[in-house]
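Worksheet: one structure, shown below.
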Amino acid sequence: DVQLQASGGGMVQTGGSLRLSCTASDLDFDEYEIGWFRQAPGKEREEVACFNSGDRSGTYVDSVKGRFTFSRDNAKNTVYLQMNSLKPEDTAVYLCAAMYTNSYSYLPHNAYLYTYWGQGTQVTVSS
């Protein structure tokens, strides 16, 4: 069975950093489009970033641009989200997701498009 395992969350102060990891089993990340989402209590799931494995293009939501960075280690079949300059409004459960499109450049922005989801990891930023 395909499983995505997210980890790396925690509690930091404003301005701190965390690196989230998402490891896949029975799924080759290099063949899937990847998304990072977050969901705060009482709020809808929000896209943070998404990436196309074909042309390696990606986008970030405006609120995290310049602070969050996506990377990948194909040998470990793991993707990362480096989060710097964290703010209290970044507090949420962060989830990784994957979908297969066989597209060279398609960037899936909507959560409902994704087939596989990790369980989420809590990020809490204190002021």
Side-chain angles (χ1 to χ4, degrees):
D1 291 344
V2 172
Q3 289 190 343
L4 303 185
Q5 183 74 35
S7 61
M11 182 179 294
V12 297
Q13 293 184 333
T14 296
S17 298
L18 287 171
R19 188 178 77 158
L20 307 184
S21 301
C22 181
T23 301
S25 59
D26 289 337
L27 180 151
D28 184 350
F29 268 145
D30 208 28
E31 297 180 354
Y32 283 73
E33 279 47 84
I34 299 161
W36 281 100
F37 291 80
R38 64 187 180 187
Q39 189 162 17
K43 294 187 177 181
E44 293 187 354
R45 190 165 295 185
E46 173 191 28
E47 177 198 14
V48 176
C50 64
F51 298 92
N52 182 281
S53 293
D55 65 359
R56 297 297 199 242
S57 62
T59 61
Y60 300 88
V61 67
D62 285 346
S63 60
V64 308
K65 282 181 181 177
R67 300 188 297 122
F68 291 12
T69 305
F70 174 88
S71 63
R72 63 201 306 156
D73 184 334
N74 289 338
K76 296 181 178 180
N77 204 27
T78 298
V79 298
Y80 304 96
L81 187 68
Q82 177 67 42
M83 306 188 298
N84 298 329
S85 302
L86 284 162
K87 305 175 181 180
E89 51 264 44
D90 294 320
T91 295
V93 173
Y94 283 70
L95 307 102
C96 57
M99 67 168 292
Y100 181 78
T101 68
N102 197 29
S103 167
Y104 189 69
S105 60
Y106 178 66
L107 292 171
H109 295 287
N110 293 310
Y112 73 86
L113 294 170
Y114 287 83
T115 306
Y116 302 106
W117 289 86
Q119 85 288 1
T121 184
Q122 176 71 46
V123 171
T124 303
V125 185
S126 61
S127 57

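In what follows, every heavy atom counts, from backbone to side chain, and hydrogens, waters and symmetry copies are set aside. Please read all numbers here as calculations on a predicted model, not as lab measurements.
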- Task: Examine L81 and Y116 and state if one hydrophobic cluster contains both, with Ile, Leu, Val, Met, Phe, Trp and Tyr joined whenever side-chain heavy atoms are less than 4.5 Å apart.
- Result: yes
By side chain to side chain contact (heavy atoms under 4.5 Å, CB included) - contacts of [X] (at least two apart):
X: D73; answer: A75, K76, Y80
X: F37; answer: R45, E47, A97, A111, Y114, W117
X: N110; answer: Y112, L113

- Test E46 against S63 for side chain to side chain contact (heavy atoms under 4.5 Å, CB included), laying out the working first. CA-CA 11 Å; E46 173 191 28; S63 60; 4.3 Å; yes
- Query: Does anything in residues 17-26 pair up under side chain to side chain donor-acceptor pair (under 3.5 Å), and if so which pairs, sequence neighbours excluded?
  - Reply: S17-N84, T23-T78
Run the side-chain donor-acceptor check on residues 1-16: report pairs under 3.5 Å with partners two or more places apart or on a different chain.
{"unit_1": "T14", "atom_1": "OG1", "unit_2": "S126", "atom_2": "O", "d": "2.8"}

- Item | Where at least one partner belongs to residues 109-125, residue pairs that pass salt bridge (Lys or Arg N to Asp or Glu O under 4.0 Å), sequence neighbours excluded | none
- Do any pairs count as a disulfide (SG to SG under 2.5 Å) and have a residue in residues 58-94, sequence neighbours left out, and if so which ones?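 For residues 58-94, and leaving out neighbouring residues, there are no disulfide (SG to SG under 2.5 Å) pairs at all.
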- Task: Would you mind listing every disulfide (SG to SG under 2.5 Å) that reaches into residues 93-127, with sequence neighbours excluded?
- Result: C22-C96
Closest approach of [X] and [Y], non-hydrogen atoms and distance?
X: Q122; Y: A92; value: NE2-O, 3.5 Å
X: A98; Y: F29; value: CB-CE2, 4.2 Å
X: P108; Y: M99; value: CB-SD, 3.2 Å
X: V93; Y: L95; value: O-CD1, 3.6 Å
X: P88; Y: S127; value: CG-CB, 3.9 Å

- Message: I'd like to know if the side chain of E33 and the backbone of S53 have a donor-acceptor N/O pair within less than 3.5 Å.
- Response: yes
- Sequence neighbours excluded, which residues qualify as salt bridge (charged side-chain N to carboxylate O under 4.0 Å, His left out) partners of R67? D90
- Counterpart residues, salt bridge (charged side-chain N to carboxylate O under 4.0 Å, His left out), relative to D62 (two or more places apart): K65
Quick check for you: to the nearest 0.5 Å, what is the distance between [X] atom [atom1] and [Y] atom [atom2]?
X: F68; Y: L18; atom1: CZ; atom2: CG; result: 9.0 Å
X: L107; Y: T59; atom1: CG; atom2: OG1; result: 5.5 Å
X: N52; Y: S105; atom1: CG; atom2: OG; result: 6.0 Å
X: L20; Y: W36; atom1: CG; atom2: CH2; result: 5.0 Å
X: E89; Y: R38; atom1: CD; atom2: CZ; result: 8.0 Å

- Can you sort out the partners of Y100 under ring-ring contact (aromatic ring centres under 6.0 Å, His included), two or more places apart, ordered by chain and number? Y32
- Note on the structure: Those residues at least two apart in sequence (or on a different chain) that pass ring-ring contact (aromatic ring centres under 6.0 Å, His included) with Y60 are F51
- Task: Taking the side chain as every heavy atom from C-beta outward, state whether R72 and I34 have any atom pair closer than 4.5 Å.
- Result: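 Touching, per the 4.5 Å side-chain cut-off.
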